[in-house]
J.: 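Take a look at the following structure, please.
The figures that follow rest on heavy atoms only: side chains count, while hydrogens, waters and symmetry mates do not. In the text below, chain A, chain B and the rest are named by the order of the sequence lines, each starting its count at 1.
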Amino acid sequence: DIQMTQSPASLSASVGDRVTITCRASQGISNSLAWYQQKPGKAPELLLYDASRLDSGVPSRFSGSGSGTDYTLTITSLQPEDFGTYFCQHYYSTPKTFGQGTKVEVK
Amino acid sequence: QVQLVESGGGLVKPGGSLRLSCVASGFTFSNYYMSWIRQDPGEGLEWVSFISASGSTTYVADSLKGRFTISRDNAKNSVYLQMDSLRADDTAVYFCARDAGPYSRIEYWGRGTMVTVSS
């Protein structure tokens, strides 16, 4: 099974800050990676897929990059509504495992 | 719009069984792979199972094989998760989800149904 290691576990940042979350796979996953945002009490929602493709309707301040085993989600200018927990997930093979999540607090 | 509505969760004793259902609407159900994902109380996500559009191919996480079974009824726009020999560590919110493909992202999630395994 491919393990996904996400960091940091949590962060607190101010409105307008640049935020970076990383996800490392235990083996290469050929950009088969998605990022999801989850708000308390709600289901996760897709933000990006194929490592860098923005899902429909997702603000352009979200971006993704990476290759091989290392991937990054960047929020270029953090907004108040960006609070929540962010998860990465690979879909290179089964099981399609998730990272542990990064809880983002907006100061 | 795409809607996925889960049901069938609840409180069950260890060793018991539950069958979760998910009814889909807003898209051609028979064209899509569907998955179940669960989220434990510590809020980690675990991918549980998927089933192909026709139902001919299924996959269940190794740790759950033999206890969990996924199925679907395309005439009823529904996917199911049969859970047997339930244990305390199966306690979680169970989400139904639509996949973009067998090795692809999850495009849509349901709101989830809570399963609590406790005596």
J.: Taking side chain as everything from C-beta outward and backbone as N, CA, C, O, which of these in A:T94 sits under 4.5 Å from a heavy atom of chain B? Side chain, backbone, both or neither.
T.: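 Backbone plus side chain of A:T94, per the 4.5 Å heavy-atom cut-off to chain B.
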J.: Any idea which of A:P95, A:P44, A:S32 has the most non-hydrogen atom pairs under 4.5 angstrom with chain B?
T.: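 Max contact count across the listed options: A:P44.
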J.: Pair A:R61, A:E81 - check salt bridge (Lys or Arg N to Asp or Glu O under 4.0 Å), show working.
T.: CA-CA 12 Å; A:R61 64 180 179 273; A:E81 62 267 30; 3.5 Å; yes
J.: Is chain B contacted by the side chain of A:A34, its backbone, both, or neither, given a heavy-atom distance below 4.5 Å?
T.: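 Contact with chain B: side chain only.
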J.: Let me confirm one number: the CD1-CD distance from B:I70 to B:Q82, rounded to the nearest 0.5 Å.
T.: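 If I round to the nearest 0.5 Å, the distance is 12.0 Å.
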J.: Is the charged tip of A:K96 near the ring of B:F50: under 6.0 Å from the six-membered ring centre and within 45° of its axis?
T.: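 Not flagged: A:K96 not positioned over aromatic ring of B:F50.
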J.: Mind telling me whether A:F98 and A:F87 have parallel, tilted or perpendicular rings, with 30° and 60° as the class edges?
T.: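 Correct class here is perpendicular.
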J.: Output the option from B:S104, B:G112, B:S49 having the highest count of non-hydrogen pairs under 4.5 Å with chain A.
T.: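 Result: the option with the highest number of such pairs is B:S104.
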J.: Quick check on side chain to side chain contact (heavy atoms under 4.5 Å, CB included): which of B:F95, B:F68, B:W36 does B:L20 satisfy it with?
T.: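 Per the side chain to side chain contact (heavy atoms under 4.5 Å, CB included) rule, the option paired with B:L20 is B:W36, out of B:F95, B:F68, B:W36.
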J.: In terms of heavy-atom pairs under 4.5 Å with chain B, which of A:Q100, A:Q89, A:H90, A:K42 leads?
T.: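 Most pairs with chain B among the choices: A:Q89.
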J.: Examine whether an atom of A:Y92 lies under 4.5 Å from a heavy atom of chain B, and if so say whether it belongs to the side chain, the backbone or both; otherwise answer neither.
T.: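 It is the backbone, since no side chain atom gets that close.
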J.: Quick one: sort the B:F27 and B:F29 rings into parallel, tilted or perpendicular, breaks at 30° and 60°.
T.: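 Rings of B:F27 and B:F29: tilted, as their planes differ by 30° to 60°.
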J.: Side chain, backbone, both or neither: which part of B:Y108 has an atom under 4.5 Å from a heavy atom of chain A?
T.: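 When you check distances to chain A, no heavy atom of B:Y108 falls under 4.5 Å.
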